[in-house]
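Owing to the predicted nature of the structure, the values given are computational and were not obtained by experimental measurement. Proteins get letters first, then strands, A, B, ... in listed order; numbering begins at 1 in each.
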Protein chains: 2
Amino acid sequence: MNKLTLEKIAKLAGVSRSTVSRVVNDHPNVKPEVRRRVQQVIDETGYHPDPAARSLAGQRSGIIGLVIPRAFQFLFTDPYYPRLMQGIAQACNTHNYILSLFLFHTEEEEQKLTPKLLRQQFVDGVILSALPTDDPLISQLIKNEVPTVMIGRPVDTLPVSYVDVSNVDGAFEAVDYLLELGARRIGAIVGPQNTMVGLDRCQGYLNALASRHIPADESLLIESDFSEAGGYLAMQQLISHQPDAVFVASDTMALGALRALREAGMSAPGDIAVVSFDDLPFAATADPPLTTVRQPIRRLGVQAVEMLIDLLQNGLRPPRHFTAPTELIVRQSCGAKIK
Amino acid sequence: MNKLTLEKIAKLAGVSRSTVSRVVNDHPNVKPEVRRRVQQVIDETGYHPDPAARSLAGQRSGIIGLVIPRAFQFLFTDPYYPRLMQGIAQACNTHNYILSLFLFHTEEEEQKLTPKLLRQQFVDGVILSALPTDDPLISQLIKNEVPTVMIGRPVDTLPVSYVDVSNVDGAFEAVDYLLELGARRIGAIVGPQNTMVGLDRCQGYLNALASRHIPADESLLIESDFSEAGGYLAMQQLISHQPDAVFVASDTMALGALRALREAGMSAPGDIAVVSFDDLPFAATADPPLTTVRQPIRRLGVQAVEMLIDLLQNGLRPPRHFTAPTELIVRQSCGAKIK
DNA sequence: TCTGTTTTTGGGAGCGCTCCCAAAAACAGA
DNA sequence: TCTGTTTTTGGGAGCGCTCCCAAAAACAGA
């Protein structure tokens with residue numbers, strides 16, 4: 001098959017391949033009428049530059065890597081991730097990048113693939129989904145000056161760009177709403193405390209109680225792992241402490257919590273009011289429909305790609321930050337039994 | 001940063017870059033002691049060949065593209081897809097391929113990205129998830145001789161490799177089980193009839209009825225779209241026809257079906273027995289837990305990658321086929337009220 | 001030892017682009 | 001018209017690999 005090259009386009013347009021390269025790359029110093037003539041040939045032929053040749057010649061590869069670290073591989077099947085990926089993919093498509101997926105299942109896989117990310121032989125930059133605060137991958141990426149954007153904020157000391165939602169505020173608003181409804185003995189099922197999102201949503205819960213001078217009861221605060229089964233087990237533990245409401249740090253854990261209530265012959269909101277986080281589509285169709293903190297997951301994905309492109313074009317420093325607001329979506333699960 | 005190249009490894013090993021290339025690519029005609037010496041330098045330095053250089057030099061890029069066509073982009077958030085992707089990613093990791101994701105959201109995106117797939121400038125081959133039987137993408141891939149493996153079988157006339165599960169048999173087994181339990185007025189909520197999986201699971205349902213000489217009742221057969229909302233609407237339609245059981249062609253639609261029953265003040269299996277397909281994790285924790293046809297989703301992903309690598313190494317013809325068996329998982333939702 | 005054959009190894013060339021520098025063209029002012 | 005400056009354009013070189021062909025080395029038999 002006869003492959004289109006800069007040279008071939010140059011011949012058709014009656015210029016040199018350097019001129020064609022200037023047009024393709026939108027360089028200045030090309031006479032307008034020459035630019036038009038070259039662009040017309042490009043449009044007519046459907047010519048695209050070869051990404052391997054560009055990469056080899058010092059240009060970038062045009063590939064963005066999305067890394068799901070090993071520690072949270074088990075959560076990859078949570079409905080959050082496809083939405084995040086849709087946002088990321090859509091922004092990649094808009095900005096002419098290809099999205100490559102790095103799913104680390106085992107330590108061996110991680111050790112095998114990490115050098116590819118660190119040496120940037122494949123990817124121009126990395127979008128890194130949430131990882132435990134002590135995971136060494138992020139500091140390796142920083143050390144190797146790999147352009148990186150994290151989904152979710154890192155530990156404060158790390159000079160890395162990130163996109164996030166306002167987890168502290170969102171959790172605060174959820175718990176505050178339960179307090180407004182008259183709940184007083186509010187429990188929480190939070191995420192892993194070795195993640196910033198776990199810490200932040202927990203902090204929001206604690207802040208809301210403190211703002212009403214309600215002391216936090218340790219027996220009402222259960223750490224879980226963002227899974228449905230984890231939510232189920234956590235609610236089983238909480239029930240015996242007789243909360244009148246529970247803040248659950250994700251919709252998926254909330255499904256598990258509702259299941260535990262059903263199995264105990266109880267229900268939300270009659271016995272225990274429930275408020276969760278995410279506003280995934282099943283939140284609206286759960287039994288009962290969940291009051292939840294909506295976060296703009298696809299928008300985070302889009303924003304991460306645009307932030308990464310900004311790093312690629314304008315340098316890694318200073319690190320960029322983007323924090324989206326959340327929105328409390330009130331449904332049936334939060335009706336409170338006021339004691 | 002000082003980049004490792006064949007030339008540098010050659011100098012360290014005291015051979016030429018051609019010899020190093022032979023070792024890296026496991027070519028014959030290298031003296032054993034030379035091979036060992038070169039391999040030791042490679043191991044010590046962590047050298048990897050540059051994929052862009054290999055691609056440009058005529059070798060392959062080492063990238064496999066996973067395409068989710070536009071028509072089913074709305075289903076990408078179904079929990080089926082992350083599992084499929086995990087299987088695909090795991091096999092790519094094992095076989096030293098990078099996985100690139102092509103999510104087509106709009107026709108414009110499809111037109112923009114399809115040439116990249118057809119001209120193979122990025123990917124060595126394509127894994128293509130299910131698409132409508134009339135989607136032109138598959139025949140474009142065939143015409144351009146792009147190594148392609150489909151998830152799910154295509155229309156019979158197409159000479160393309162695929163991996164699938166035994167949809168007809170699985171659906172047959174599910175419906176047959178309902179008949180064994182005494183159900184006689186069995187409805188079906190099936191997938192889009194412009195997809196082979198939709199047609200096949202429907203056929204299995206019809207085959208099971210026919211095997212017991214039970215005429216199919218058109219009013220009991222509802223075409224849906226594999227979504228939760230679609231399952232909900234379909235069950236709302238079915239209820240008025242008073243089936244004593246319903247075969248639902250996916251777990252996700254079954255969730256919607258259960259929600260419709262609840263809203264009608266009914267339940268499974270007391271009022272209407274329900275059997276579904278997929279055995280996604282929430283099938284076990286649904287209320288009631290779903291009897292469902294288990295399909296090995298991750299294994300399909302692994303198999304698709306290995307089939308694609310076989311095509312790349314041994315030629316596109318003849319097309320390969322792999323069909324995994326299914327397994328009926330019996331849970332509470334299928335208990336039947338025998339009239 | 002010599003000659004023909006086989007095995008092993010090395011280096012030229014090219015893949016398709018970008019960068020850089022120099023040449024050509026265009027322009028402006030004296 | 002001439003000269004100096006600016007703008008536009010072209011082509012050499014190289015990125016890091018693979019392929020191919022030729023050279024060198026090794027081998028075997030006379």
Side-chain angles (χ1 to χ4, degrees), chain A residues 1-39 41-42 45-63 96 115-116 119-122 124 312-313, chain B residues 1-39 41-42 45-63 96 115-116 119-122 124 312-313:
Chain A
M1 193 255 281
N2 217 4
K3 186 168 179 176
L4 289 169
T5 64
L6 284 177
E7 285 291 1
K8 283 172 177 166
I9 301 299
K11 272 188 175 170
L12 290 171
V15 293
S16 79
R17 58 178 151 66
S18 299
T19 302
V20 178
S21 179
R22 288 189 184 97
V23 174
V24 165
N25 290 300
D26 219 23
H27 280 202
N29 297 342
V30 179
K31 263 181 169 175
E33 72 252 32
V34 170
R35 189 185 295 275
R36 278 194 295 275
R37 190 163 85 245
V38 171
Q39 190 61 58
V41 172
I42 291 170
T45 54
Y47 165 76
H48 286 82
D50 185 310
R54 295 186 107 183
S55 180
L56 188 54
Q59 182 79 270
R60 293 193 167 112
S61 63
I63 300 179
N96 294 310
K116 283 175 170 168
R119 215 182 295 116
Q120 288 171 271
Q121 277 181 301
F122 264 104
D124 291 339
L312 291 169
Q313 286 174 352
Chain B
M1 192 253 283
N2 218 5
K3 185 168 181 176
L4 289 168
T5 65
L6 283 176
E7 285 289 2
K8 283 170 177 167
I9 301 300
K11 272 188 174 172
L12 290 169
V15 293
S16 79
R17 60 177 150 65
S18 299
T19 302
V20 179
S21 179
R22 287 189 185 96
V23 174
V24 165
N25 290 300
D26 219 23
H27 281 202
N29 298 340
V30 179
K31 261 180 171 176
E33 71 253 34
V34 170
R35 189 186 295 274
R36 275 194 295 276
R37 190 165 83 244
V38 172
Q39 189 61 56
V41 173
I42 291 170
T45 55
Y47 165 77
H48 287 83
D50 186 309
R54 295 186 106 181
S55 179
L56 187 54
Q59 181 78 270
R60 293 194 169 113
S61 63
I63 301 180
N96 295 310
K116 282 174 169 170
R119 215 183 294 117
Q120 289 172 268
Q121 277 181 303
F122 263 107
D124 292 338
L312 290 169
Q313 287 174 350

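- In this structure, A:Leu6 atom CG and C:dG14 atom C1' are separated by 16 Å, rounded to whole Å.
- Here the closest non-hydrogen pair linking B:Asp124 and B:Leu312 is O-CD2, 3.3 Å.
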| task | Starting at the 5' end of DNA chain D, write a dot or bracket for each base, bracketing those in Watson-Crick or G-U wobble pairs whose two distances are under 3.5 Å and using | for partners on another strand. | result | ||||||||||||||||||||||||||||||
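- A donor N or O paired with an acceptor N or O is found under 3.5 Å between the base of C:dG11 and the side-chain atoms of B:Ser18.
- Checked against D:dT18, C:dC17, D:dC17, the side chain of B:Asp50 finds its nearest nucleotide in D:dC17.
- Put simply, CD1 on B:Ile9 is 18 Å from C1' on C:dT9, counting in whole angstrom units.
- Regarding contacts with the backbone of C:dG16, every side-chain N or O of A:Tyr47 stays at 4.0 angstrom or more from both OP1 and OP2.
- Residue B:Thr19 places at least one side-chain N or O under 4.0 Å from the OP1 or OP2 atom of C:dG10.
- Listed pair A:Asn29 / D:dT9 fails the phosphate criterion, with no side-chain N or O lying under 4.0 Å from OP1 or OP2.
- Side-chain proximity of B:Ser21 to D:dG10, C:dC17, D:dT18: nearest is D:dT18.
- In this structure, the nucleotide among C:dG11, C:dG10, D:dT9 sitting nearest to the side chain of B:Val15 is C:dG10.
- A:Arg17 places no side-chain N or O within 3.5 Å of a backbone atom of A:Ala10 that could act as its donor or acceptor partner.
- Judged by distance alone, with hydrogens and angles left aside, B:Arg54 brings no side-chain donor or acceptor close enough to the base of C:dG16 to form a pair under 3.5 Å.
- Here C:dA13 is the nucleotide among C:dG10, C:dA13, C:dT18 with the atom lying nearest to any side-chain atom of B:Arg17.
- Among the nucleotides D:dC17, D:dC19, D:dC15, the one closest to any side-chain atom of A:Ala57 is D:dC15.
- A:Arg54 is linked by a salt bridge (Lys or Arg N to Asp or Glu O under 4.0 Å) to nothing, counting only residues two or more places apart in sequence or in another chain.
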